[in-house]
Each structure stands twice: as C-alpha cells, then as structure tokens.
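Comments concern the structure below.
Every heavy atom of this structure was used, including side-chain atoms; hydrogens, water molecules and symmetry mates were not. Order of the sequence lines sets the chain letters (A, B, ...), proteins ahead of strands, with each chain counted from 1. Remember, predicted model here, so these are calculated numbers, not experimental data.
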Amino acid sequence: MSQISVNNLTWQYDGRLTPAISNISFEVERGGFILILGSSGSGKSTLALCLNGLIPQEMTGKFSGEVRIEGLLTNKASLSQLTQKVGVIFQDPESQIAMLKVEDDVAFGLENRLVPLNEMKKWVKKSLKSVGLLENKDDITSNLSGGMKQKLSLASMLAPMPDILVFDEPTSNLDPKSTQDLFNMIHKLKQSGKYTLLTVEHKLDYLMDIVDRVLLLNPDGTLLADSNPRNILKKHFLRIKEYGIWVPTVFWIGIKLKDRLKEKDISIEPPLTIDEAANKFKLLLKDIKDDEINIGKKVNVKEKKESQDKKFKQIEVKDLNFAYTNKKYVLKNISFAVNNGDFLAIVGPNGSGKTTLVKILTGLLKPSSGTISLYGKNILTIDPVEIPKKMGFVFQNPEHQFLSDTVYNEIALSLRLANKSEDFIKKKVNNLLKQFELIELKEKNPFSLSQGQKRRLSVATMLLWDQDILIFDEPTFGQDFKNSQQMWNILKELNSMGKTIIVITHDMSFVSELTEKVVLLFEGEIKYLGNTFDLFQKRGLLLNSNLMEPLPTTLARKLKISFKDGVFPTTIDEFLYLIN
Amino acid sequence: MPEIFFRYIEKKSIFHSINPSIKLIAVLIMFVAVTLVVDPITSLVFLLLVILSTKFLSNLKYREIITPLILSISTAAFIAIFNILFYKTNFVPELPAIFNIGRLKITDAALKIGLSRGIRVFSLINLSIIFVSTTDVTALVDSLVQNMKMPYRIAYGTLVAYRMIPLLSDEFSQIQASQKIRGVLPKKNIRSKIEFFFKQAITLMVGAIRRSDRLALAMDSKAFGASKKRSFYRPKRVEFKDVIFLISTILVILITYYIMWKIGFLKKLGILA
C-alpha cells in the first residue's frame, strides 16, 4: 500500500464556477521528495490542504474522488489523526503561530491531540532542538524574525512526529539568508529518511538536488505530468515557460547556451543542479578550446545609454542618523547621492534599515540628524503634499493602498482629490490602464485582481504625476516567473525613458541583471556604495552581509573561469559570453 | 512603537504566584467591596489597603507602572473635582455652604461624595493595574480553561485574536503611510476625513479577514478543536495558598467594614451613591 494515494481527486470551492483541482491521481511511496509545480492559481495550495483532510472536512465545496493517507480516507478519518500524520507549513509566517510564547506554540498541537504532559515536554524539547530554537523557548513569538517564525512553525509541525511534511511556499516571505537556512533544514529532513516531503516552491536553484519527482499542474487544476525532474523539464519546457513557472537558473542558462551552440553543431543537455552545470560546462570548455580560459575583456552587456543630459544630483543624503525614540540607532552616518537616470538597488538583510531609510527619503520619518535634499532643497521644508508629485513610491504590499471599488477609480483617486477635471483624469487614467494592460479590468474591484495585476495597478497609481524618481519596495517578491519578468521590463522601460529607479530588493539576480549602482546596508551602516558589477566581485563582503552572490558568478567560480582582469561574470549574458 | 500601558511585568511575588482565576475572583470581590462604600474615610482606608498590597505583595516598582498610575490619578482627580463642584446638593438653595469657589457654592455632601468617588475610582483602577501587571495572559486563559471549565475553543480563540491586535495596528499604520506617500489625503472637511477613515478601515478588514482565514487553517492543521478535550502543557491547579489568599481577601474586607462601622464612619453601603 502506498503511503499517499490520490484517486480522481476533484475539489470545487463553494461560490466558484470551476474546480480548483480536478481529476488528480498519483501515488507516493515513503521517503521521497516531491516538488509541486504550477502557475499561480493552479491549485497547488489546495492540493496541500487535501492531504491533511482540511479539505473537505473544514471547508465547504464539492469533493469527489478519494485521498488515502496510510490507508485512512481523508474525508472520513478524524482530523486529529490526519493532521498528526501530515504536517503543513504555510507561506505566511505571521498567520501560523497561535500562542504568545515559542514553547507554548510547539505544545499547542500536542495539547489538542491530548498528548500527556511528560511526553509533551520531551517532544517539545526535541523538535525545538532540531530547528535550532531551543535557546529561544521562552521568547515572545511576535518578537521573532520571519525566518525564525518559519522555523517555529516547522518545529510545531515536527512535534507530533508526522510521517509526511507539506511545505506550501515556505520561503516566499523570507530574506535570502533565512531562505537558505530553511532549505538547509529541508535538506536535513530529507537526509534523515524519516519523512515524505511535498513542496510547493519556486526558488528552485538550491533545491533541485534533492527533488526526486515533480508533479506539474495545468492552470485549470488538472495534472499535466508526474515524473522525475529531468523528464518534466525536458518534455514540458515550453508549457512551463508558457505558464510562467520558474525553472532553475542553471537550466535557463543551459537552454540559452544550447541555442548558441546549435550553430557550432554542439549539443548540450541543460543541467538541473549547480554541480551538474559545473561538470557539464567544464567538459564543454575542454571540447571547444583548451588554450586559455581567461578570455576576453569584461563586457558591459548593460550598455549604458549615453545620455546627452548632464548628470545632476536629485537626491542627496548627508550624514544621516536615525533612532526610534530612545532606542539604539537604526541608521548610522548614511551619505550617498542619487543622480538623474540612475538605476539603484538598496540591499541588505532584513532589519538592516532599508525600509527606515526609504521612509526617511520619502519624508514619512524625520531624521534624528543629517539632511536629505530633494533637488537641492531640504526635504523637511517641502510641503508633504508636493513630495509624492516629485517622487513616486510603490509599496511591497499593493493591497495596502487600495481604497476604491474599481480599478479605474483607484487610479483616478488622487487626481480627483487634487481637483483635476474629469476630462483630464479620463485621458490620463486610460493611458495608464493601456500601458499596464489593465484596460479590460477597469471596472473590476482591485482586491479581486490576481497578484501580478495588483502589482501593475499599484505601479500605475504611482505614475500619475510623471515623477522623475520612482522607488519600489520588493517589486518582484513572491511572484511567478511571468509576472516577475513583466515587472523587470516595466522597470527597464521606465529607466530607459530617463526615470530614476530606486529598488529595495533581496533578489540578487534582479540586482545583477538590471541595476547599475548599489547601496548595501548592514546593521544600519553603508557597507558598500558603488557599481553593481564590482559589488559581486567582493565575495567576503557578500558573505559577511548575508547576501547571496548571483548564480552565474557562483558557476564561473566553480568552473574557475573569469575575464582577463580576474573578475567574474555577474549576469547570465556575461557568463554566456565568457563560456562562448 | 508605543507601549501598551497596561501590560504584564514578569517578576516573582505573592501576587504573581496566585492562581490567575482565584486572583481574578479576589479582585472582583474587592471591586464590589470598594464600590459599595459611600464614606470617604472608609474609601481612603481601602485605597490604603490597595496601595500597601501593591507595595508588599506585588514586587512592582512605581516606575514600572507610572503611565497607568498617572492615568488613574488624573481620572480620579477629574471625577473628584467634577463632583465637588457640580454635585446636585450644591444647587439646592436651602443647604448651607461650607465654602465658596467664585459664585459656586460647595456643600458638605458634594465634598464627601466627590472625595469618595474620586478615591474609589483610584482604588479600582489601581486594582486593575495590579491584576494586569502580575498576570500573564496565557496563564490566565490556561487557568480559566482548566480551573473554571471555560470552553477551550472560545478561550484560546480569544487569545489568538488578542495576539493579532498589535499586528493589526501595525498594518493600519502601513496603510496610512502608503496613502500619505501616494499623496492621497482627505480634504480638509470632517465628512471627507470620516469617509477616508472608513475606506482605510475596509482595506484593513479585507487583509484581516484573509489573515484570520489563514490562521484558522493553520490552527486546524494543528488539530485545534479536533477533540472535545485537551491535555495541558502548563497545568494550573488551585492550591492551598490560593484558597488562603481568597479567604484572607474576604476577611480583610469584612474586618475593615466592621472596624469602620464600630468607630462610626461607615453608616451604610450603597450602589448609587
């Protein structure tokens, strides 16, 4: 008997016209690692909830087919039993923790299952230890960082000793360091051999080496394919691309390389993992040329647009310090300038002061000392109503800004408040709707849009005043490949129109591929200020600041290939140029 | 981040060690006892008892509870002054004045009522401060479920909601910030401001409802509510010392009543006075 057996599973939520998932069948034996892939809205999370019985037992809708977990029917067996066998770790660290203290939260699930006190104590200790939170057992849960909260959720799920663990995009709200930590933990869980793991995840680069099998879902919630990762990517690459699903970066590089090598009649199978890529490309390098590997000169693929306009300082930050009331300084001695047309990234681990810095830049917070000048004028002397007209800011969570009942009104809102004529508003809003492919949706409620559409709407609402400076907070966070690429293109286009773009981001491939300048914040201080390419050559600095280097750099390092002056490529194109 | 001014202060003391449910009952009894006293001198004696117990039984330092203390003093002072100045007997022409403030006549009854009400309010707020500062919320809920047979689904459900409050207030300020930064500010009339507030509240609610859905799923995944009973990670018992504490509270009240009655201050108990 298989450990999990799913037969013709169909589920339709009440009030929806079509099923979230339909006709899904698969079997899982003990101990595997299964990756569930699909575009957003394809029913990945729904599938996860079907496994521990919450669907259909706790939700209303139409259920057909059957799911058995170690023989137990999920629509019949008690939830206490089912949730004990299948632990689920969800996406949002904030809404999984029930109790005020770390230890109590781990005990919570055990108490509900009537585990006696002395066993409870043992299990709580053991599971906290396994995620490295034993020292924090008395901490208040709301004070933990996002990464620690996810570890706590994992501990709470491990405590009742499940056989199956389901991760539903567990890292999408975490910074790169915490993501890596959690992945390491998942690696360990896999190696222990005690668990069957099912994961919904789109950051695949550091996970592919343990994936045994992939379930690939169609957007309509049916199962397209169920096979090993190599087969899936080989056979269904076009579909995967069409659905906007992330693929491992090395696979992407492999595909591009394959195209380029076609002319030379060399064929290459795109690799799945970093190690595999290193090995494959090494062979390739031997094939083509064994003379010298340090070839060429560093190419500037991001060909700088030669602007005729003179550069001038739009924003200047001088000796900025900031502390919240009588606590320690969050920002120390910050000085930098932003010129017109810059494409600047502000990077650094969570808690390094990025958001505080931007709040000061936009006048939401007042500096404790130091000055911010906007076009040469101290920002504190500018009327707060005027700042948004000079500098647009797109928040991380688009929903926070939605106040209107339709997409059209949402964009029109601030123009109406500024008493512009309806004719003017109509023209302006319709242009923006067209530019951001939202015109068909203009009568829809903003909250009912998809993730990617919400993002685009929030960018559109910011561009009303033709500001020359635009600031984005995590514009690509937690989005699928298609929406992410769309966002990249929007930002690139805005920048090429001459707008200054400032982006706060954790996404190093974004930083390396798009931006020209970086401000690296660490514990409230600027650790690096300069051009993007040079930052990624400083490996020690990256390590010390908990930043990941871009994958092409890692790969080149492994292959021991570099440009003539000893620098490593930082973008995919640079890498390809080098290897060609 | 503004501190919530009523909060638990973790320490070791007699008050901290009493079973939370018993402590709650004792505090409620004390509430009733204080409320029923009309006479200002007796009220003052009770206030003294409250202050002494804070000093000797709670191990709290005054600076730790200074914010709520200031709040309670100002509330009490306001109530006292308001009653002394405007109590109904001041406006009865036949009654004699004990003194005048401007054209306002202050009668004997107004002075007594004012002082007694002020002192009682001060005592009541102080009692609440002691209770909140010496009682861990989780321990209170644990104890209510285990010792008072409160249904656990309701109790822990409430506790989770309580945990969400700071998150909600955080989120609300983020919503406000994102409007401000976008240049979306209400017009300068009250109507526009109210409308704006409600719009933002709806935005907050949409997020809150989604969050509570997610939280409910996560709790269900931990088998919350799957069985009628529950085991307890932090067992709470009513011990001998708790019973003694409760009895002593009642005794102290009765003895105070008796003495004050004997020496002639406490003539009657009343709710409306």
Query raised in the report: By a 4.5 Å heavy-atom criterion (distance strictly below it), what part of Phe393(A) contacts chain B: side chain, backbone, both, or neither?
Result: both
Report task. Please look at Val394(A) and chain B and tell me whether the side chain, the backbone, both or neither of the residue comes under 4.5 angstrom of a heavy atom of that chain. Result -> neither
Query - Heavy-atom contact with chain B under 4.5 Å, split by part of Phe90(A) - result: side chain
Query raised in the report: What residue, out of Ser95(A), Pro388(A), Gly109(A), Ala159(A), has the most heavy-atom pairs lying under 4.5 Å from chain B?
Result: Ser95(A)
Query - Which portion of Arg210(B) sits near chain A, non-hydrogen atoms under 4.5 angstrom - result: side chain
Query raised in the report: Out of Lys101(A), Met99(A), Met462(A), which one racks up the most heavy-atom pairs below 4.5 Å with chain B?
Result: Met99(A)
**Report entry** Donor-acceptor contact below 3.5 Å, side chain Lys222(B) vs main chain Val106(A)
**Finding:** no
**Report entry** Residues, nucleotides or ligands: over 12 heavy atoms within 6.0 Å of Lys241(B) NZ
**Finding:** yes
Report summary line: Assert top hit (heavy-atom pairs under 4.5 Å, partner chain A, pool Ala226(B), Ala218(B), Ala223(B), Ala177(B)) equals Ala223(B)
Query raised in the report: Which region of Gln96(A), side chain (C-beta onward) or backbone (N, CA, C, O), has a non-hydrogen atom less than 4.5 Å from a non-hydrogen atom of chain B, or is it both or neither?
Result: both
Report task. Return yes when atom NZ of Lys389(A) has more than 12 non-hydrogen atoms of other residues, nucleotides or ligands closer than 6.0 Å, and no otherwise. Result -> yes
Query - Arg182(B) to Ser414(A) - nearest heavy-atom pair and separation - result: O-CB, 4.3 Å
Report summary line: The reported gap from CG in Leu159(B) to CG in Leu100(A) (rounded to nearest 0.5 angstrom) is 5.0 Å
Query raised in the report: Using non-hydrogen atoms only, which part of Ile202(B) is less than 4.5 Å away from chain A: side chain, backbone, both, or neither?
Result: neither
Requested in this report: Give, for atom CG of Asp138(A) and atom CD of Glu10(B), the distance between the pair rounded to the nearest 0.5 Å.
Outcome: 8.0 Å
Report summary line: Interface check, chain A: of Arg230(B), Arg234(B), Lys199(B), Gln174(B), most non-hydrogen pairs under 4.5 Å belong to Arg230(B)
Query raised in the report: Top residue by heavy-atom pair count (under 4.5 Å) with chain B, among Leu413(A), Asn419(A), Ile387(A)?
Result: Leu413(A)
Report summary line: Leu403(A) and Phe196(B) have their tightest heavy-atom pair at CD1-CE1, 3.7 Å
Query raised in the report: Relative to each other, are the rings of Tyr156(B) and Phe108(A) parallel, tilted or perpendicular (30° and 60° limits)?
Result: perpendicular
**Report entry** Partner chain A: residue of Thr203(B), Asp213(B), Val160(B) with the largest heavy-atom pair count (under 4.5 Å)
**Finding:** Thr203(B)
**Report entry** Donor on one side chain, acceptor on other, Tyr233(B) and Glu103(A), under 3.5 Å
**Finding:** yes
Report summary line: CG (Leu204(B)) and NE2 (His400(A)) are apart, to the nearest 0.5 Å, by 8.0 Å
Query raised in the report: Under 4.0 Å between a Lys/Arg side-chain N and an Asp/Glu carboxylate O for Arg214(B) and Glu94(A)?
Result: no
Report task. Please confirm whether the backbone N or O of Pro116(A) pairs with a side-chain atom of Ser231(B), one donor and one acceptor, at under 3.5 Å? Result -> no
Query raised in the report: Where on Ser458(A) is there a heavy atom nearer than 4.5 Å to chain B: the side chain, the backbone, both, or neither?
Result: neither
Query - Donor-acceptor under 3.5 Å (Ser221(B) side chain, Val88(A) main chain) - result: no
Query raised in the report: More than 12 foreign heavy atoms under 6.0 Å from CD of Glu195(B): is that the case here?
Result: yes
Query raised in the report: NZ of Lys121(A): more than 12 outside heavy atoms within 6.0 angstrom?
Result: no
Requested in this report: Could you tell me whether Ile190(B) atom CD1 has more than 12 heavy atoms of other residues or ligands within 6.0 Å of it?
Outcome: no
Requested in this report: Name the member of Asn52(A), Leu364(A), Leu49(A) that forms the most heavy-atom pairs with chain B at distances under 4.5 Å.
Outcome: Leu364(A)
Report task. Kindly give the heavy-atom pair with the smallest separation between Phe232(B) and Leu117(A), and that separation in Å. Result -> O-CD1, 3.4 Å
Query raised in the report: What closest approach, in Å, do Phe224(B) and Asn112(A) show between heavy atoms, and which atom pair accounts for it?
Result: CA-ND2, 3.3 Å
**Report entry** Interface moiety of Ser153(A) toward chain B, non-hydrogen atoms closer than 4.5 Å
**Finding:** neither
Report task. Can you see which heavy atom on Arg163(B) is nearest to which on Ile97(A), and at what distance? Result -> NH2-O, 2.6 Å
Query raised in the report: Which region of Ser78(A), side chain (C-beta onward) or backbone (N, CA, C, O), has a non-hydrogen atom less than 4.5 Å from a non-hydrogen atom of chain B, or is it both or neither?
Result: neither
Requested in this report: Give a yes or no on whether Lys420(A) atom NZ has more than 12 heavy-atom contacts from other residues, nucleotides or ligands under 6.0 Å away.
Outcome: no
Query raised in the report: Would the number of heavy atoms belonging to other residues, nucleotides or ligands and lying under 6.0 Å from CZ of Phe240(B) be above 12?
Result: no
**Report entry** Flag, side chain of Ser227(B) to backbone of Leu114(A), donor-acceptor distance under 3.5 Å
**Finding:** no
Report task. Return yes when atom CZ of Phe197(B) has more than 12 non-hydrogen atoms of other residues, nucleotides or ligands closer than 6.0 Å, and no otherwise. Result -> no
Query - Partner chain A: residue of Met164(B), Gln176(B), Gln200(B), Arg211(B) with the largest heavy-atom pair count (under 4.5 Å) - result: Arg211(B)
**Report entry** Selection from Arg113(A), Gln84(A), Gln57(A) maximising heavy-atom pairs under 4.5 Å formed with chain B
**Finding:** Arg113(A)
Requested in this report: Identify which part of Val206(B) has an atom lying under 4.5 Å from any heavy atom of chain A, answering side chain, backbone, both or neither.
Outcome: side chain
Report summary line: Taking every heavy atom of Asp220(B) against every heavy atom of Thr83(A), the minimum-distance pair comes out as O-CG2, 3.6 Å
Query - Point-to-point distance, once rounded to the nearest 0.5 Å, from CD of Gln401(A) to CD1 of Ile175(B) - result: 11.0 Å
